[in-house]
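What you are looking at is a predicted structure, and each value in this text was computed from that prediction instead of being measured. In what follows, every chain begins at residue 1, and chains take the letters A, B, ... in the order their sequences are listed.
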There are 2 protein chains.
Amino acid sequence: MEKYDILKLDNQICFPLYALSRKVIQLYKPLLDKYNLTYTQYIIMLVLWEEEKISIKELGEKLFLDSGTISPVVKKLVKQGLLEKFRFKEDERIVMVKLTEKGKEIKEEIVEIPEKLYRNFEGDKEALFQLKENLDKILAEFDEKS
Amino acid sequence: MEKYDILKLDNQICFPLYALSRKVIQLYKPLLDKYNLTYTQYIIMLVLWEEEKISIKELGEKLFLDSGTISPVVKKLVKQGLLEKFRFKEDERIVMVKLTEKGKEIKEEIVEIPEKLYRNFEGDKEALFQLKENLDKILAEFDEKS
DNA sequence: TATAATTAAATTGCGTTCAACTTAATTTAT
DNA sequence: ATAAATTAAGTTGAACGCAATTTAATTATA
């Protein structure tokens, strides 16, 4: 490998991840638009459909997002009537979030989204394979060292 | 698999991609801060170090970013003295970008970043393996269908 | 050849994403 | 018990990322 090959876009692990991640989020968009949800709002709802009730902090830990991102998005979901916020009585610093009835109801419809998405995804199979190749390369390097 | 399992965060292909992509970009940050580059600025520079001279449109095609994202970032790189913009004489709609001397010079130093990054990355090996597992699962499903 | 359609960049506006800071509540350590 | 430190949310500001629009240049067409 030449000295500067390591700087080539396709040889980096990060770029394929970054590009594919954005592309998949774009695939979600038309499916989520029907429910007036952004991708970030969607993954917050995913957590709530698993947990029923959770603090902002735990939500952030699950999604690897900090309160600066989550607080305003949750605020919008509350405004849309999908979530409710209340303070945890035993520790008033903690803000809890839970589903409203409306929030519970749309789960039924949203469950179809991942299936539809996988069908839409066929066209990006190549990007997936490219990513897998890079991943395998990186992981192989780690194995060599250890 | 239960009906709603498909809605679980870890069973989705998108979420691990999305979370890991952000995490890797965060790993780049301290390394890029020294050169006053953001990740987006960095990948634009990566293209220029491969191409020497390229139009905004082609740059966007390589990075899967549109002019709405690229134009303002290129403007900043020009202000920082790393790039130069000029119009393509044969078609004045096209704006070309090329490296300045300063832009060429920092390539020498930046070439060390990917190596450093891989070392920092050891800690996130697990996230990589998790992603690889999900990828393999998805790709296996595609194989079944075809 | 005028006019319409297309194309490349740039701009605008909205929604994140993240670092840094603020505020309020709770713990810890005098 | 009270001051200091810590913690959880929220706010602010900078930088994307993208859809939609605008502007200018070029190409196609009536």
K.L.:
Looking at C/dC18, D/dC16, D/dA19, which one has an atom nearest to any side-chain atom of B/Q41?
P.N.:
D/dC16
K.L.:
Looking at B/K76, does any N or O in its side chain come under 4.0 Å of the phosphate oxygens OP1/OP2 on D/dC16?
P.N.:
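For B/K76, the contact criterion (side-chain N or O under 4.0 Å from OP1 or OP2 of D/dC16) is met.
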K.L.:
Below 4.5 Å, heavy atoms only, C-beta onward: do B/C14 and A/Y28 meet side chain to side chain?
P.N.:
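Side-chain contact under 4.5 Å: yes.
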K.L.:
Closest-nucleotide mapping onto DNA chain C: is A/T69 or A/R93 further toward the 5' terminus? I mean the 5' end.
P.N.:
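Upstream on the strand: A/T69.
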K.L.:
Suppose we call a contact any N or O donor and acceptor under 3.5 Å apart; does that hold for the side chain of B/S71 and the base of C/dA9?
P.N.:
no
K.L.:
Select from B/I25 and A/G68 the residue whose nearest nucleotide in DNA chain D is closer to the 5' end of that strand.
P.N.:
A/G68
K.L.:
If you compare all heavy atoms of A/P114 against all heavy atoms of A/I110, which two are closest, and at what distance to 0.1 Å?
P.N.:
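Minimum heavy-atom contact is CD-O, 3.4 Å.
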K.L.:
For the side chain of B/K57, counting heavy atoms from C-beta on, which of D/dG17, C/dA8, C/dA25 is nearest?
P.N.:
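Of all the options, the side chain of B/K57 is nearest to C/dA8.
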K.L.:
Looking at A/K23, does any N or O in its side chain come under 4.0 Å of the phosphate oxygens OP1/OP2 on D/dG17?
P.N.:
no
K.L.:
On the nucleotide C/dT11, are OP1 or OP2 found under 4.0 Å from the side-chain N or O atoms that B/K75 carries?
P.N.:
yes
K.L.:
Where the side chain of A/K29 is concerned, which of C/dT17, C/dA19, D/dA19 is the nearest nucleotide?
P.N.:
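My answer, after comparing the listed nucleotides, is D/dA19.
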K.L.:
Over 60° means perpendicular and under 30° means parallel, so classify the ring planes of B/Y39 and A/Y18, tilted if in between.
P.N.:
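A/Y18 vs B/Y39 ring planes: perpendicular.
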K.L.:
State whether the distance check finds a donor on one side and an acceptor on the other, under 3.5 Å, for side chain A/S67 versus base D/dG10.
P.N.:
yes
K.L.:
Contact class for A/E58 vs. all strands (heavy atom < 4.0 Å): base, sugar-phosphate, or nothing?
P.N.:
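Result for A/E58 = nothing.
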K.L.:
For C/dT17 and B/Y18 - does any side-chain N or O of the residue sit under 4.0 Å from the phosphate oxygens OP1/OP2?
P.N.:
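Yes.
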K.L.:
In terms of side-chain geometry, is the basic nitrogen of B/K98 or B/E51 positioned less than 4.0 Å from the acidic oxygen of its partner?
P.N.:
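Here B/K98 does not pair with B/E51 in a salt bridge, since their nearest N and O are not under 4.0 Å apart.
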